[in-house]
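In what follows, a structure is listed as structure tokens, so that the remarks can point back to it.
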Amino acid sequence: NRGTIGVYVDDSQVGTITEGKPTVTHVVTAKKPDGTPINPADVLKWAASVEQRSEHPLAHAILKAAQDKQVTLLPVEKFAVMEGRGVRGTVDRRIIEVISLRHARERSLELGSLGSDADRLATQARSPVIVVVNNTVYAVIAISDPIKPTSKAAVALLNRLGLPIVLVSGDSRSGAEAVAMEVGIT
């Protein structure tokens, strides 16, 4: 009586399949009432200023993007972590929130075209976060954790051996499916 061997890949901890170094890939901004786009550098400055008080890995990605673009951070007051939803603080007399897409939808915030942008980015294995200024959605920042170069080869080897592979992830379903597809887990 033979048992079944399978491979289970647990990507619930950052860095199993990915590099464990989330980076900002996109800053998509809303338009001002006059139709001109909101300046992405301003959005990054406000978001990073609030995130400088956060310990979340996605916060570190936003801070690194601001640093890479030589954005000057501003002091933050009334900083608060909204467990599982995001962070909030007052920056330059504005209430700035950096929140999950899910939380923005739970609050019925008007996302406009940024909602479909965020959904599209999520299907590309990116984590969209929403930047809200004084209860108005200003931008979606997309963050991605690059896949390790060795992950595809490891999965290919396991596939050649005929071993079934299952990916378990704490990311969104669409994000996990995108990562699985990219490395060859079907």
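Heavy-atom basis, side chains included; hydrogens, waters and symmetry copies ignored.
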Fill in: Lys/Arg N to Asp/Glu carboxylate O, Glu97 vs Arg88, below 4.0 Å
yes

Worksheet entry | Minimum heavy-atom distance between Leu167 and Ala180, given as atom pair plus value | CD2-CB, 3.9 Å

Worksheet item: Does CE belonging to Met181 count more than 12 external heavy atoms closer than 6.0 Å?
Response: no

Worksheet item: Given side chains that start at C-beta, do those of Ile99 and Val129 come closer than 4.5 Å, heavy atoms only?
Response: no

Worksheet item: Roughly how far, to the nearest 0.5 Å, is CD of Glu51 from CG of Leu44?
Response: 10.5 Å

Worksheet item: Taking all non-hydrogen atoms of both residues, which atom of Ser151 and which atom of Val183 are closest, and how far apart?
Response: CB-CG1, 4.1 Å

Discussion item. One thing to verify: whether Arg126 and Asp117 come together as a salt bridge, which I'm taking to mean a side-chain N less than 4.0 angstrom from a carboxylate O.
Written reply: no

Practice prompt. Compare all side-chain heavy atoms of Arg94 with those of Thr90 and state whether any distance is below 4.5 angstrom.
Written response: no

Practice prompt. Check whether any side-chain heavy atom of Thr18 sits under 4.5 Å from a side-chain heavy atom of Lys148, and report yes or no.
Written response: no

Discussion item. Working note: Ile96 + Asn134, criterion side chain to side chain contact (heavy atoms under 4.5 Å, CB included); need CA distance, chi angles, decisive distance, verdict.
Written reply: CA-CA 7 Å; Ile96 308 296; Asn134 295 331; over 6 Å; no

Worksheet item: To the nearest 0.5 Å, what is the distance between CG (Leu114) and NZ (Lys31)?
Response: 9.5 Å

Discussion item. What I'd like to find out is whether the side chain of Arg107 reaches to under 4.5 Å of the side chain of Asn135, using heavy atoms alone.
Written reply: yes

Item to complete: Decide yes or no for Leu73 and Gln67: does some side-chain heavy atom of the first lie under 4.5 Å from some side-chain heavy atom of the second?
Response: no

Fill in: Closest non-hydrogen atom pair, Asn159 against Gly184
ND2-O, 3.0 Å

Practice prompt. Measure across Ile143 and Ile62 and return the closest heavy-atom pair with its distance rounded to 0.1 Å.
Written response: CD1-CG1, 3.9 Å

Worksheet item: Heavy atoms, side chains only, cut-off 4.5 Å: are Lys152 and Glu182 in contact?
Response: yes

Practice prompt. Indicate the atoms forming the closest heavy-atom contact of Ala66 with Ala48, along with that distance.
Written response: CB-CB, 3.6 Å

Worksheet item: Do Ile95 and Val133 have side-chain heavy atoms sitting under 4.5 Å apart?
Response: no

Response to the item:
Shortest non-hydrogen pair, Leu58 vs Pro22, comes out as CD2-CB, 4.3 Å

Item to complete: Decide yes or no for Val155 and Ile165: does some side-chain heavy atom of the first lie under 4.5 Å from some side-chain heavy atom of the second?
Response: yes

